[in-house]
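The structure appears below as structure tokens.
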Amino acid sequence: MQNYDHKKIEKKWHEIWARDKLYQADLDKAKKPFYNLMMFPYPSAEGLHVGNMYAFVHSDAYGRFMRLRGFDVFEPIGLDGFGIHSENYAIKIGEHIKDVSARTEKHFYDQLHMIGNGYDWSRTVETYKPDYYKWTQWLFLKMHEKGLAYRKKSSVNWCPSCKTVLSDEQVIASKCERCDSETEKKQMEQWFWRITDYAEKLLKNLDVMDWSEEVKTIQRNWIGKSVGAIVKFQISNYKSQINSKFKIQNSKFFLEVFTTRPDTLFGCTYMVVCPEHPLITNYELRIKNYAEVMNYAEQAKKKSDLERTDLAKEKTGVKIEGLSAVNPVNNEEIPIFVADYVLAGYGTGAIMAVPAHDERDFEFAKKYGLQIKEVAAPFLRDNPKEGKETERRDVVTVIVKNPQNNTFLCLNWNTTEWKSFPTGGIDGQDLVEAAKREVKEETGYKNLKFIKQLGDSIYAEFYRPHKDSNVMANFKYLFFELKNKEQANVLRKEKEQHEAIWIKEENVESFINVWNQKIAWKRLVYGDFAYCEEGININSGFLNGLETKEAKEKMIKWLEEKGLGRREVVYKLRDWCVSRQRYWGPPIPMVYCEKCAHSAGSGHGWHPVPEKDLPILLPEMDDFLPDGSGKGPLNKVKDFVNTTCPKCGGPAMRETDVSDPFVDSCWYYMRYLCTEFTDKALDKERLKKWMPVNMYIGGKEHSVLHLLYSRFVNMVMRELGYAPAEEPFKCFRAHGLLIRDGAKMSKSKGNVVNPDEYIEKFGADAVRMYLMFLGDMRQGGDWRDSGINGMRRFINRVWNLADEVARKTTNKPKCLKNTHKTIKKVTEDLENLKFNTAIAAIMEYVNYLQAATKKNNTVNKDVVEVLVKLLAPFAPFMSEELWRELGHKESVFKEKWPEYDPELVKDKIINLVVQVNGKLRDTIEVPADISEEEAKKAALESEKIKKWIAGKKIVKVIFVKGKLVNIAVK
RNA sequence: GGGGAUGUGGCGGAAUUGGUAGACGCGCUAGCUUCAGGAGCUAGUGGCAGCAAUGUCGUGAGAGUUCAAAUCUCUCCAUCCCCACCA
């Protein structure tokens, strides 16, 4: 027989499968619906990227597996063709986007067809066709109807190259996601979707969702929930007002801030507002250096995001003279600054600065000489024993430097593992005196010069075995210099406990092993730093002694009682800016009426287009280039712009922005199910039967874009009664990146794999299997041209093996054990999306069958049938051909997946591993169910083992059932 | 700076409820067959020592827990990804 002729066979089955509508699910009658979805591609003129193909073949193999397991699998495909990417490409090559789209559509669908995925070709969607975007516009109307689409003027991301605004999610490190240009901030009025209303739900549902953990983490971070408090600071411009009775409600005289650390309010020594803050203009007349402040604010606003967020840059700011604030907990008057390290878009755009406990505030305070007040002392609860009494103690730790030779006095303890500085109780004494006394008692040195105290307190709670009680110690740290080496006598008792040694400065940090002393040492060597962890409150009035968590609660309660603040939750997530000043997208279905805007009671003049007037067709335009005016290209088409007001019937203007391409893709998975309905976007019954999607496989680059938007829109669709569940994708798995020869593929490097070439040369089955064999789907893979030969060889081997044994039916096969083991392995691997090891198992099995065939004719037709079914998800063309060759009339994909016999899978005889001290020394054949005693006996009787244990004492013998015996000897 | 992931032969990668490290494939070596093959078959293939049996070392580095560690704990190093002055 000849080698497998992929061209002939692929062509044949493409035709027959299409004729028989093999992959068309009956969406209404399906008994066991299984919605197998892959992320539809964004078509580019270069053709389908092999990275997409990588994801698709895995997804398809899973779909085919589910099909064989008896599910009615719906596996649709489409094209996400609207958008800046396609449009930019068309501009670049000087063609019209419509022509480019028509061409890429054909190319993409050809390629998707070639690879042999089981798509339902009767239900494709293309986002740029009016029968789809009509309903995208409908979606906009629904959002508007629900009050979730609104217009607002705010600071938005502007890409100067794409000449449009972008959503926050489309700006990566201040650069445009599409073209990599640096983005700017612009004040513009735009359409937004109120995704923030769903922030909590989007966050909470993640906890129970069956999604890749990595993607869940990315979404959690993006949503960015912070729990804290709003605090109101009274604004004052002269002292006498501090205690005057401003009405709380009159917020004009208050500056509100958000903080996650209300427990540190006593440490707030100044405030900062962002350059955009209204405080600056509201208080224009009172600000003495108004020109200077405004100048700073204007400069900051002009800066690009990249400049403003450059972390290496030193913090800058200007003190607002003439205004000050009052810290509500201690009535201290504190200065207010304007600085660009405070962001307008988060919290209230103003902060209370606590330099002792926030790195940014610390840096700023150092630079401008502001007060740094420690209010949270470091605290470690170091395994105190439960049920024991806890004694409070004030303790002093003394760091003594010998300036003669730069050494420091340390104690090496004999009774414990401590290596420390001299330390002891204060017992009500003066700190300095207590420190001197302690050094003298423990080491004898008595002539010390006090230099300074290091920080405030550090607390530790721990168990003292020698006293069988717990201690809650409050440590203070004093720094001395040694005047001379004169020593007093040291009691023997002290000497027995520890030895005093002088350690060189550079070795102290590694020598000391007591955590709190390490902090003190750092303060001495590196200076003060902001302590940002939790701790115990000090210098904090009514919060003193409380741990951070309790202090937060108590402070919030206090603020609420006084009307000075409240508990508050803040999210980083911001509303989704959906306007785009471009051509290639669905026109936003809104109309602006000047007359209505000015007539009383008509609101802002914006009206939705009535549903019956949809779609608003994208007008033909020869020159569709964006002009950067802030208006989209559609603004140039007068016929399009001029319309009548749906409300008053007067002249009105259409919105000329189109919507974000991610609006197209946030609902496509629902439309797949409803493509035949021309009178409605979605059919509730359909969605009820098929949603949510059972398995969704795609790239994690969409973690905060498509996947978050889809969840949001699905939630809204559920509230409107369309979607049956809150979450659209029951199970989502992210695939890894496909690279080539260890490097990322890119056009500029010229190392992009063109799948067409390889399909042509090696056949779709070989390409599919090779892509799935490269490694774990979740990890990605490394494509090497040399490897695909091996896969093609494997395909030929199977082809020839099947040919050889296809007609053998008489003798009973002896290879059942291996067959059933392989069924088990492949089944379990496919369930867990471990395609690579499933293929490896099949390869191993084929190797075995080949050898067995040569040896003793134990392989027959029944065995090959199982093999063909196991291969079907991976290599559909060859499997189908072989299945029919074996004499079947129906498609292999209408067959049932083979079941394994659990009895046959079990080994009766096993190789028992015998180890000595954990090292493999022998394996012996024993019955699988061998008892512990017998196994140990057999192990000890082994000649090889005897050699290893001769003359040694057997300490222990471990037995692991069905696996091993380990003999521990001495 | 924060979060996440990864690190195993010449290469892609298996093995993580702790229990025979290197499955499967590529490549390489030898033999057979063809002999024009980028074809097929058979055997071998982690390093070191040895003819061999076998021994010994070995999963980024170092320590620890354990009868037993690629797998668990700690410290460090490297690479990649995401977020980034988020109060």
Side-chain angles (χ1 to χ4, degrees), chain A residues 3 172-174 213-218 220-222 224-226 228 257-261 264 272 274 308-311 313 315 339-343 345-354 357-361 363-364 532 570-574 700-701 703-704 736-737 739 741-742 744 769-770 773-776 778-794 796-797 800 834 836-847 850-851 854 911-923 944 954-960 962-969:
Chain A
N3 272 355
I172 317 288
S174 304
E213 274 311 313
E214 201 184 341
V215 173
K216 291 210 267 185
T217 307
I218 290 173
R220 278 191 194 106
N221 291 344
W222 187 261
K225 181 179 181 175
S226 293
V257 301
F258 171 72
T259 176
T260 53
R261 290 295 298 271
T264 61
V272 186
C274 65
R308 237 178 110 164
T309 59
D310 182 6
L311 280 164
K313 176 196 78 171
K315 298 215 175 343
D340 66 2
Y341 82 90
V342 172
L343 307 176
Y346 184 77
T348 63
I351 61 156
M352 59 176 235
V354 185
H357 305 292
D358 181 282
E359 276 172 44
R360 296 152 301 178
D361 299 344
E363 193 192 318
F364 192 84
C532 306
V570 162
Y571 301 89
K572 281 193 236 175
L573 183 71
R574 276 177 279 170
K700 54 180 164 255
E701 67 273 18
S703 300
V704 293
L737 193 68
I739 57 172
D741 300 319
K744 251 189 192 170
M769 288 193 75
Y770 184 55
F773 185 63
L774 286 171
D776 189 309
R778 278 151 282 216
Q779 238 88 69
D782 189 355
W783 174 287
R784 288 175 194 244
D785 280 0
S786 56
I788 194 165
N789 273 319
M791 195 51 82
R792 176 58 208 220
R793 278 206 287 266
F794 170 73
N796 287 340
R797 276 216 303 278
N800 293 327
K834 294 173 77 172
N836 55 332
T837 48
I839 291 173
I842 297 174
M843 284 176 159
E844 216 171 330
Y845 180 53
V846 168
N847 288 344
Q850 242 179 344
K854 287 218 166 80
N911 285 321
L912 185 76
V913 170
V914 186
Q915 299 177 328
V916 177
N917 283 347
K919 288 206 169 113
L920 174 73
R921 296 304 181 192
D922 196 11
T923 57
K944 284 182 189 166
I954 295 174
V955 187
K956 206 175 185 181
V957 182
I958 314 279
F959 172 71
V960 181
K963 281 231 169 95
L964 63 76
V965 171
N966 186 15
I967 304 159
V969 297

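Residue numbers start from 1 in every chain, and the chains themselves are labelled A, B, ... in the order their sequence lines are given, proteins ahead of strands.
Using atom P as the reference point in both B:G47 and B:G10, the two lie 8 Å apart (nearest Å). Rounded to whole Å, the P atom of B:A69 lies 10 Å from the corresponding atom of B:A21. For the C1' atom pair drawn from B:U65 and B:U56, the interatomic distance equals 25 Å after rounding to whole Å. For B:U73 and B:U17, the P atoms lie 13 Å apart once the distance is rounded to whole Å. Straight-line distance between the P atoms of B:A68 and B:U20: roughly 15 Å, to the nearest whole Å. Taking the C1' atoms as reference points, B:A70 lies 11 Å from B:G18, given to the whole Å. A distance of about 11 Å separates the C1' atoms of B:C11 and B:C28, rounded to the whole Å. Here the separation of B:C48 from B:A36, taken at their P atoms, is 37 Å to the nearest Å.
Between the CG atom of A:Asp340 and the C1' atom of B:A84 there is a distance of 15 Å, given to the nearest Å. Rounded to whole angstrom, the span from the CG atom of A:Asp741 across to the P atom of B:C11 amounts to 14 Å. Atom P of nucleotide B:G13 and atom CZ of A:Arg784 are separated by 8 Å, given to the nearest angstrom. If you measure from atom CG of A:Asp776 to atom C1' of B:A5, you get 13 Å, rounded to the nearest angstrom. As a whole-Å value, the separation of A:Gln779 CD from B:U16 P is 13 Å. Between A:Leu774 atom CG and B:A14 atom P there is a gap of 11 Å when expressed in whole angstrom units. Distance, A:Lys834 NZ to B:A23 C1': 12 Å, rounded to whole Å. Whole-Å rounding puts the A:Lys313 NZ to B:G1 P distance at 18 Å.
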Note to self: I need a per-nucleotide contact map over nucleotides 24-45 of chain B, read 5' to 3'. Cutoff is protein heavy atoms under 4.0 Å; write B for the base, S for backbone only, - otherwise.
What the structure shows: BSSS----------BSSS----
Next item on the list: Treat primed atoms plus P, OP1 and OP2 as sugar-phosphate and everything else as base, then score nucleotides 77-83 of chain B 5' to 3': B for base contact with protein heavy atoms under 4.0 Å, S for sugar-phosphate contact only, - for none.
Entry: ----SSS
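The backbone N or O of A:Asp785 sits nowhere less than 3.5 Å from a side-chain atom of A:Tyr770 that would complete a donor-acceptor pair. Looking at A:Asp776, its side chain never comes within 3.5 Å of a backbone N or O of A:Asn836 through a donor-acceptor pair.
If you check distances only, the side chain of A:Gln915 does reach the base of B:G19 with a donor-acceptor pair under 3.5 Å.
When the side-chain nitrogen and oxygen atoms of A:Arg921 are compared with OP1 and OP2 of B:U56, one or more of them lie within a distance under 4.0 Å. Phosphate contact (OP1/OP2 of B:A14, side-chain N/O of A:Asn836, threshold under 4.0 Å): present. Phosphate contact (OP1/OP2 of B:A23, side-chain N/O of A:Thr837, threshold under 4.0 Å): absent.
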Next item on the list: Apply side chain to side chain donor-acceptor pair (under 3.5 Å) to the pair A:Asn796 and A:Arg792, showing each step before the final yes or no.
Entry: CA-CA 6 Å; A:Asn796 287 340; A:Arg792 176 58 208 220; 3.1 Å; yes
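Of all the heavy atoms in A:Ser226 and A:Tyr346, the pair that sits closest is OG-OH, 3.2 Å.
No more than 12 heavy atoms of other residues, nucleotides or ligands sit less than 6.0 Å from atom NZ of A:Lys963.
No engagement by A:Val957 is indicated, since no non-hydrogen atom pair under 4.0 Å with the nucleic acid exists.
For B:G12, the base is anti relative to its sugar; the glycosidic angle deviates from 0 by more than 90°.
Where A:Ile967 and A:Leu920 each meet RNA chain B at their nearest nucleotide, the meeting point lying more 5' is that of A:Leu920. The residue among A:Lys963 and A:Lys944 whose nearest nucleotide of RNA chain B is located toward the 5' end is A:Lys963.
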Checklist line | Secondary-structure string, 5' to 3', Watson-Crick or G-U under 3.5 Å, | for another-strand partners, for RNA chain B | finding: (((((((..(((......[....)))((((((.......))))))((((....))))..(((((..]....))))))))))))....
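The closest side-chain heavy-atom distance from A:Ile842 to A:Met769 is not below 4.5 Å. A:Lys700 is not listed as a side-chain neighbour of A:Arg778, based on a closest heavy-atom distance of 4.5 Å or more.
Of the candidate nucleotides B:U54, B:C67, B:A87, B:C67 has the atom nearest to the side chain of A:Ile958.
Of the candidates A:Asp361, A:Asp358, A:Val257, A:Met352 forms a side chain to side chain contact (heavy atoms under 4.5 Å, CB included) with just one, namely A:Val257.
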